[in-house]
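Letters go in sequence order (proteins before strands), and every chain restarts at 1.
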Amino acid sequence: MPELPEAEANRLRVERECLNRTIEAVELGEDTDYLELPGDNERTRLVGHQFTRTHRHGKLIFAGSKTGPWIAVHLGMTGSLRPFDESDGAPDYAKFLIRFEGDRRLAFRCPRKLGWVRVVDSPSEEIARIEYGPDALEIGLEEFAEVIGGSRGATKSALMDQRKLAGVGNLWSDEILYRVGIDPERKGTNLAEEALTDMHEAMRDILYTVMDTEAHYDRLPDDWLIHTRKAGSGCPRCDGTIEKSKVGGRSAYHCTRHQK
DNA sequence: ACATCTGTTACGGC
DNA sequence: AGCCGTAACAGATG
């Protein structure tokens with residue numbers, strides 16, 4: 001599920017349904033081996049506080065308040081944050097549960113156990129700890145061009161490097177490069193200023209567009225790669241063919257005709 | 001049975 | 001020192 005727009009959709013659910021309610025208890029779910037989750041002391045720290053605000057940086061989601069502790073959530077590949085009412089029962093794969101006053105609950109689901117939750121003093125402290133670069137929607141053209149244009153490896157890998165800029169993953173890096181007609185393997189140092197400018201703009205447009213749909217991919221424009229991300233399919237934008245390859249250990253899809 | 005997967009990270013090489 | 005690339009991680013799904 002989660003790159004920046006998907007993390008944003010999760011943050012919005014918390015923002016809408018979990019603010020300004022006193023936390024009464026914080027519990028772990030079933031089968032939490034291998035997961036990094038707050039221990040007894042960290043969970044107790046949250047009790048009695050309310051979340052009054054949320055924040056997102058790249059793929060990281062935060063909830064907290066001006067003076068109280070924060071939770072920092074990384075969704076991994078398959079995680080999600082799900083507010084629910086006690087009367088409806090918890091979702092499956094719930095690994096971490098917050099009980100707010102009244103009927104409201106918040107579950108951190110994580111079927112594949114690649115996500116994590118921490119209790120921290122502030123978002124900025126956690127962002128510094130994990131060494132994330134600027135958020136992909138905050139980074140300006142100048143710094144973007146510096147960071148991506150200065151990268152000696154594949155442009156796709158640079159876009160996905162969270163220390164360079166935070167928020168872009170495998171799916172949307174493909175979409176960005178498809179939009180601007182750049183081969184995912186092209187070296188960053190081999191990109192012209194104009195290509196970097198186009199890429200920065202495409203990144204912003206793609207992330208905002210996906211965010212606007214709250215990550216409902218069926219509502220995205222027909223000429224996006226996402227709908228034809230399959231080896232051998234025809235390119236929606238030219239006469240080319242979509243090819244699958246490996247870039248930086250991840251599967252990459254690109255049009256062999258208009259992406260050079 | 002086997003390959004795949006929107007996440008990171010540890011480690012070796014340059 | 002830093003940057004880069006690859007293997008590894010865990011478990012559901014097709």
Side-chain angles (χ1 to χ4, degrees), chain A residues 1-11 29-37 56-61 72-81 91-96 108-118 126-133 135-136 146-178 184-191 203 206-207 209-211 213-220 224-232 242-254:
Chain A
M1 230 210 140
E3 295 178 42
L4 184 152
E6 295 81 4
E8 181 66 11
N10 279 269
R11 182 195 69 81
E30 302 274 301
D31 189 20
T32 54
D33 296 354
Y34 305 107
L35 273 162
E36 183 182 351
L37 295 169
R56 182 196 52 71
H57 185 101
K59 305 169 186 175
L60 265 192
I61 303 163
V73 180
H74 194 291
L75 299 175
M77 285 234 265
T78 56
S80 59
L81 284 170
D92 54 357
Y93 303 105
K95 306 298 183 187
F96 177 85
F108 167 62
R109 297 182 66 249
C110 200
R112 275 180 59 195
K113 300 184 175 179
L114 291 167
W116 48 262
V117 178
R118 289 168 52 90
E126 184 63 10
I127 292 161
R129 187 186 72 88
I130 63 177
E131 300 180 317
Y132 267 16
D135 183 83
E146 215 167 275
V147 151
I148 302 298
S151 171
R152 286 177 275 140
T155 300
K156 177 179 171 62
S157 302
L159 285 170
M160 290 197 300
D161 185 340
Q162 304 301 297
R163 286 164 311 192
K164 289 182 164 55
L165 70 158
V168 176
N170 201 23
L171 219 47
W172 304 127
S173 63
D174 274 358
E175 197 71 51
I176 292 163
L177 294 166
Y178 177 81
E185 298 263 24
R186 268 277 282 284
K187 311 290 177 210
T189 47
N190 202 13
L191 294 169
M203 174 178 77
I206 285 165
L207 295 178
T209 303
V210 181
M211 253 167 51
T213 70
E214 286 184 32
H216 288 92
Y217 302 161
D218 52 348
R219 292 188 215 147
L220 294 170
W224 281 34
L225 178 65
I226 181 89
H227 307 300
T228 28
R229 228 169 158 273
K230 195 178 161 200
I242 304 302
E243 182 176 273
K244 179 182 181 178
S245 63
K246 285 268 193 224
V247 180
R250 313 304 305 278
S251 36
Y253 293 83
H254 81 283

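Going from the C1' atom of C:dC4 to that of B:dT6 covers 23 Å, rounded to whole Å.
When the P atom of B:dG7 is taken as reference, atom CH2 of A:W172 falls 11 Å away, rounded to whole Å. As rounded to whole Å, 10 Å separates atom P of B:dT8 from atom CG of A:L75. If you take CH2 of A:W224 and C1' of B:dT6, they are 14 Å apart, rounded to a whole angstrom. Computed from coordinates, the A:D174 CG to B:dT6 C1' distance equals 10 Å when rounded to whole Å. One can place CG of A:L35 at 17 Å from P of B:dG7, the figure rounded to the nearest angstrom. Straight-line distance from the CG atom of A:L207 to the P atom of B:dT6: 16 Å, rounded to whole Å.
What you find for A:L165 and A:A158 is that their closest heavy atoms are CD2-O, 4.1 Å.
Between A:K59 and B:dT6 there is no side-chain N or O to OP1 or OP2 distance below 4.0 Å. Look at A:H74 and you'll find a side-chain N or O under 4.0 angstrom from OP1 or OP2 of B:dT8.
Aromatic ring centres of A:Y253 and A:W224: separated by at least 6.0 Å.
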Protein proximity profile, nucleotides 2-12 of chain C - base contact B, sugar-phosphate-only contact S, no contact -, cut-off 4.0 Å on heavy atoms = -SSSB--BBBS
task = Summarise protein proximity over nucleotides 9-14 of chain B in one line of letters, 5' to 3': B for base, S for sugar-phosphate only, - for none, counting protein heavy atoms closer than 4.0 Å.
result = ------
key: Watson-Crick and G-U pairing of DNA chain B, under 3.5 Å, as dot-bracket with | and [ ]   = .||||.||||||||
